[in-house]
Each structure stands twice: as C-alpha cells, then as structure tokens.
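To start, the structure under review is shown below, and the notes come after it.
Sequence lines set the chain letters: A, B, ... in the order given, protein chains first and strands last, and positions in each chain run from 1. What you are looking at is a predicted structure, and each value in this text was computed from that prediction instead of being measured.
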There are 2 protein chains.
Amino acid sequence: MGTATIRDVARQARVSLKTVSRVINQEGSVRDETRARVQRAIEQLDYRPDLSARSLRSAKAYAIGLVYDNPNPYYIIAVQQGALAACREMGFGLQIHPCNSRSPHLAEELRDLVHRSRLAGLVLAPPMSERMALLRELVAYNVPLVRIISAAEDPRDGFPCVFVDDRDAAYAITAYLIQLGHERIGFLWGGKQHRSSPERYKGYEKALQDYGVAMSNELVLEGDYSFDDGFRGARRLLGLAKPPTAIFGSNDEIAAGVLAAARAGGLHVPYDLSVAGFEDSPFSRHSWPSLTTSRQRTEQIAECATRLLIARIHGGDVENEGFSPELVVRGSTAPPRPRS
Amino acid sequence: MGTATIRDVARQARVSLKTVSRVINQEGSVRDETRARVQRAIEQLDYRPDLSARSLRSAKAYAIGLVYDNPNPYYIIAVQQGALAACREMGFGLQIHPCNSRSPHLAEELRDLVHRSRLAGLVLAPPMSERMALLRELVAYNVPLVRIISAAEDPRDGFPCVFVDDRDAAYAITAYLIQLGHERIGFLWGGKQHRSSPERYKGYEKALQDYGVAMSNELVLEGDYSFDDGFRGARRLLGLAKPPTAIFGSNDEIAAGVLAAARAGGLHVPYDLSVAGFEDSPFSRHSWPSLTTSRQRTEQIAECATRLLIARIHGGDVENEGFSPELVVRGSTAPPRPRS
DNA sequence: GCCATGGATGACAACGCTGTCAATTTGCTG
DNA sequence: CAGCAAATTGACAGCGTTGTCATCCATGGC
C-alpha cells in the first residue's frame, strides 16, 4: 500500500504529472473540470505531497529553525507556541534547536543545520539574537533570519527583528513602586549575557531620576536570571543597615527567590516588603502572594517574528516591529509600612 | 558559493559520486588512500549531505516526531531535551508536534505529518500515548511508535513503550505521610484523561490499606492537573468538620494551589498542614516551603523512549523499559500537630 | 602462464517532485 | 470559416543522493 505519489494521482485522473502539480500548488491555468478530477483522485488515493522531494526539486525550503539557549521553560514553550502558530498557518514546518550560546562554533553549527535540514531561515531568541558577530556570520552564510531582541526602539542595524521595550516596562514597574510611596527600591540584575538585563536596569534608573528618588549603589546587585540569585540577593539587601522597602527582580524567577528569602527572614510580603518581578510567567500567578510583574506577550512576539521571517523568505521587504510589555499589578506590592 | 554537493566533492577528489557516497556512509570497500582524499575534499569544500535528497533516494527517514498535548512547560521541555539528546546522538532530527488530544482526526493528522515530513516514527507522550484506538490506527498506517505511559508493569499489549510506575511512587509518598503520623490524608486527583491519575490514586489507596489507615471518601476530590483545582480542592478539604492534616496533590501544580489555599486560610505549612506534590518540577523547589514530591526523571525517560524508537526503526526487536520515580522529601511535610 | 576470486571503483537509473518550454486546445475576431 | 492569441496541458530534464550492477585490477592457486 503506502503513500501514493503524484504519479498515481496523475494516472488515476488521466492527466500528466505536471497538471497534478499545478493543482496542488494552485498555479492556475487548469480547467475547473480537470481540477475537480484531480482533486477527486487525490482524495481517493489519500495523496500527500512529499516535502523532501518538493523542496529538493524546487530549491525552496518549507521549514524554519527556532534557535534558543534559555533555561526558562515558560518562555521557551511560549516562543515555540507562537512560532508554531505562524508556521502552521503558512504551511511551514518548525525545527527547534536549543543550543549553547557560548559555543565558539555556533555560526557553523547553525549553518550546518540550515543546510542539512534545508531550512528556509532561522528565528533567533535571546541571547543568540544579540550576538552581533554571530549575526554577521550567519548573514555572510546567506541564512535568512529574524531576531527577537530587547530594545527600546528599532535598532535599524540591518538585521531584521522584533524588539521588545524592556526599558519602558521596567520604568513602569519602578514608577509604580515609587507612586506607592517607596523610596528605597532594591534592584536585582538578570544575566549579563542578555541584553534585556541592562535595558531593565536603565528603566529602573530612569524612573528613579525622573521622580527624584535618590539612587543608592548598595541597593543594586548583579546576578543571573535565577531563583538562587534572587534568594541570595534579597538576603543581602535585607541585611543592610537601611534595607529596601521594595525589591524589583529582573524576572519572575528572581522575584520568586526574593519571596522565599523574605519568608525565610520572617517578613510578610507585601506589608513588610513589596516584591515585583518581570515576565508574567505562570509562577507569578501561582506564588503567594501573586507577583506584580510585567506581561510580555511572548507568544505573540514569537509569532510575529516568525511571520516576518516567512515574509522575508517570500521576498518581501518587511519592517521591524516593536512590542511594549504591560504592567500587571498583583498582591506582592503595597505601600511601605509607616516607619515605626 | 553556497552549499557544495556530492558532485563537487567527487570532482575535487577525482573519484565517482558513488565513492564519495561510500565514504560518507562508511560503507567500506574503499581504499584508505582514496578515503583520505575524499575526506580532504569534503573538508575543503565544507560539504554536508542534504538530508532531503538522502531520505528521498534511500527511502529512509532521518527525523522523528515528538507528539504531546500537555500544558505543563516543565514536563514538555524535559521531554524535548531528552528526545533531542537521543536524536542528536543517533544523527536524527526532531520535529515537535503539540496537538489537541481530543481532536477526532488525530490519527490522520499524525499520519499526515509522518508522511509529509518523512518521519521515521513517533514518540508519544501522555495522554496521547494512552489512547488505544489512536495507537491501533497509527499501527495500521504503518507508523513506528514508542509510547511514554504510566503503568506499574510492562503492559505487554504489543505497543512498545517506556512505562513509569506512578502507582508505586504515590504509594511511597502516602506511606511517608502515614509514617510521619498522619491519619487523615487528603488526595486531589489529576486529569481524568491521563492514565497517571488513577495510577497515583491506586498507590494512595493501597498505602492506606497496607498501613491500616481508614479511607474516607470526603478526603478524595476529583479535579485536573491544575493550580486552580488544587486551590479549590484544598479549600473544600480544609472546610470539613474534620479536615485532613496532610494533602497529597497529584502533581506539583495542584500542590502549589494547596499551598496558596493553606496560606489564604491562615494555615502554616508544614506545621498546621503537610503538603506533598508529584513531579519534582522547579516550582517544587522554589515554592515556600519547598515541596515534598516524587522525582520523575522525565528527561531520561524521554531519551530512553527515543532510543527505543530509533532501535526499532533500525529493525531491532526491543524490550520495553520501566522507570520508578523516587521520593524527594522537602520542607512542606512534617508530623501532624498534636491535637490541642 | 592462466583462470578463479574478491576487493575497489564507476556508470547509470531512480526517489517524488517542479521548472521550462513546446504542443495542443479553446475562444474570439473579422 | 480562417486566423490568431490566450488558455490549457504535457514531455522532459534534473534537484542531490543512493541502490544496482557492471567493470576493473591485483592476488594467489594450479
């Protein structure tokens, strides 16, 4: 049995191979009656075009690659969902490619992937999307790509992208904390290899300036986008002579660590300490108290990036697009407790 | 530039196409000197075989599909990682295929996928892996597959699988709670469409029996593998005239909901209430207190399943394999508070 | 010195499909 | 009804690779 080919369909419909091909690819120039006959044959034989053969012959590719190196399952799943949605709609396949962003041979590895698997292009998630050297190499290899990056505005650097305004979002969170009455607001950095980290820091800094709140270096700690760094960072901040009344973690995992540290220290969130995160991961809804955070429409962002890539592959000259995360207020933030 | 073909390599090495093919596929019957010349040409030209052309011609496939319908990002990412590890080692590609397990045309959809994308076979994660009708259809379509399922022992039903003994693991957790001194232990069911749910329930039930602890229907509630059902279920249990002193949630998300409900009710975990989860997701480590749970080596399980599939594709007649989750004791469980 | 043996190599076709271009049919005009 | 353009259809080659089978050459036994 198995797998009818275009040949079988042609025989059954009493037309040439090429006519079947035309019907499949909606090329037009086929009489309605002929088309109907071919359609019928296709259904009777349960025929499905073979993507390998098609892409081999037409020198077009019908799959794209999704490249990431990110330990955050929520983020990755959302990116995958978005990319898949776009791919399915456009009739493309999706090949996922988690990788090590520190690998020295990444450009070759990716070019390899593209060539071997006949990928039409790549969607790059952070932090790969922010390695200029990598981007240049890939472009030199003629690999079409679209990036998802953190930037306050269109970078116009020649590499197409979808950009997310982390700075503005961090500004909004910080401003919200200030408006609640907080004047000592701790900030825990995310990973240095992510461009989003300095962006978020800049937003924090600018809000303090704009509202005339004094900066204090002791309130800002470096770290990574991890629970453990949130925990450790919070412990240090809470051990200060003048501890902060609010802590802004650069993502929800960090904020989760802060929550844990606060509880370990016997503090009641939000009355003794306000905590804010970033990302709106499910964790932020399920923690106790639930986290004030910033909602990134990761799925939509990825879908948009994938659409851009496919449009580019189809030869379009497409514009970059920007997204702004939005503030989500939940139970982990409140006005500071009046000085006793 | 672009993408040398086997033809270029043959020209450069002054041999025939076929000889290059032999070298690439390690077929033997090539003189060392010739092989070296070809190798050199391959490196110089940076040649990579085209998987589409190869699979087209050889009627073999070099990619497998991973099919799942599961809202839990931690689980999915772990399964993907495991499957990818096996695929990379064996030179296979991986195509992910999230889908709706309730779709009536799933079998056709999957057969379609296999055919169009020339997949060598499918790895099925729960709950798809437990739909006998689906399995039968796929086998009728000649689709090689391996399942990941929940079962206390090798089902020997003709469909190859990797089976995870959820029952024994749930038994271990329940027994542990009993040994701590608990006699009223609530149980919150997972999703009915997952075979793991009744398995976990059976483990709970058996432990109560074996230890001579009275069953009480009011302590057992149905639900889904979700935070919200954990929250609602816990509220109901805690509102009973004789509330439980411990609650066993069928997974970590449910347990997270229980934690939240306990806190909303002013209870201190673990002193007023012990809580246990299942899965060892990162959440279980990052919650406060961290959750006593059952560690499933999801990544290894998926890798094993993928290996089995590839072995089967290569014509091997392989044995099913079993995994037993292991008890992880953390801060959310303690002896019950003495009656006041 | 001759032939059987077997290892190394190559020529050629074909996998399933689409691009090119030529052949055929259709429809329209005068 | 001839004449011509446009619409429709088909023959054929070839994408990059491997399977089949034929060919070539060195070796060794008699």
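Interatomic distance, CZ of B:Phe323 versus CZ of B:Arg297, reported as 9.5 Å (0.5 Å rounding).
A:Arg11 pairs by the salt bridge (charged side-chain N to carboxylate O under 4.0 Å, His left out) definition with A:Asp8, not counting sequence neighbours. The side chain to side chain contact (heavy atoms under 4.5 Å, CB included) check on A:Glu319 picks up nothing, with sequence neighbours excluded. Shown here are the salt bridge (charged side-chain N to carboxylate O under 4.0 Å, His left out) partners of B:Asp69, two or more places apart in sequence or in another chain: there are none. With sequence neighbours left out, the salt bridge (charged side-chain N to carboxylate O under 4.0 Å, His left out) criterion links A:Arg312 to no other residue. In this structure, the salt bridge (charged side-chain N to carboxylate O under 4.0 Å, His left out) partners of A:Asp32, at least two apart in sequence or on a different chain, are A:Arg35.
Rounded to 10 degrees, the angle separating the terminal helix axes of the helix from C:dG1-D:dC30 to C:dG30-D:dC1, each built from five base pairs, is 50°.
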Which pairs would a plain distance check flag for residues 102-110 of chain B, meaning a side-chain donor or acceptor within less than 3.5 Å of a matching protein atom at least two apart in sequence or in another chain?
{"unit_1": "B:Ser103", "atom_1": "OG", "unit_2": "B:His105", "atom_2": "N", "d": "3.3"}
{"unit_1": "B:Glu109", "atom_1": "OE2", "unit_2": "B:His97", "atom_2": "NE2", "d": "2.8"}

Cut-off 3.5 Å, no hydrogens considered: what does the side-chain donor-acceptor table look like for residues 120-132 of chain B, sequence neighbours left out?
{"unit_1": "B:Ser129", "atom_1": "OG", "unit_2": "B:Ile148", "atom_2": "O", "d": "2.7"}
{"unit_1": "B:Glu130", "atom_1": "OE1", "unit_2": "B:Arg195", "atom_2": "N", "d": "2.8"}
{"unit_1": "B:Arg131", "atom_1": "NH1", "unit_2": "B:Ser101", "atom_2": "O", "d": "2.7"}

Can you list, pair by pair, the side-chain donor-acceptor contacts under 3.5 Å of residues 74-85 of chain A, counting residues two or more places apart and other chains?
{"unit_1": "A:Gln80", "atom_1": "OE1", "unit_2": "B:Gln80", "atom_2": "NE2", "d": "2.9"}
{"unit_1": "A:Gln80", "atom_1": "NE2", "unit_2": "A:Tyr68", "atom_2": "OH", "d": "3.1"}
{"unit_1": "A:Gln80", "atom_1": "NE2", "unit_2": "B:Gln80", "atom_2": "OE1", "d": "2.8"}

Enumerate, atom names and distances included, each donor-acceptor pair closer than 3.5 Å involving a side-chain atom of residues 53-64 of chain A, sequence neighbours excluded.
{"unit_1": "A:Ser58", "atom_1": "OG", "unit_2": "A:Arg54", "atom_2": "O", "d": "2.8"}
{"unit_1": "A:Ser58", "atom_1": "OG", "unit_2": "A:Lys60", "atom_2": "N", "d": "3.4"}

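Nucleotides of DNA chain D that come within less than 4.0 Å of any heavy atom of chain B span, from the 5' end to the 3' end, D:dG16 to D:dT20.
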Letter by letter from the 5' end, nucleotides 8-20 of chain C scores (B base, S sugar-phosphate only, - none; protein heavy atoms under 4.0 Å) SBBB-BBBBBBBB

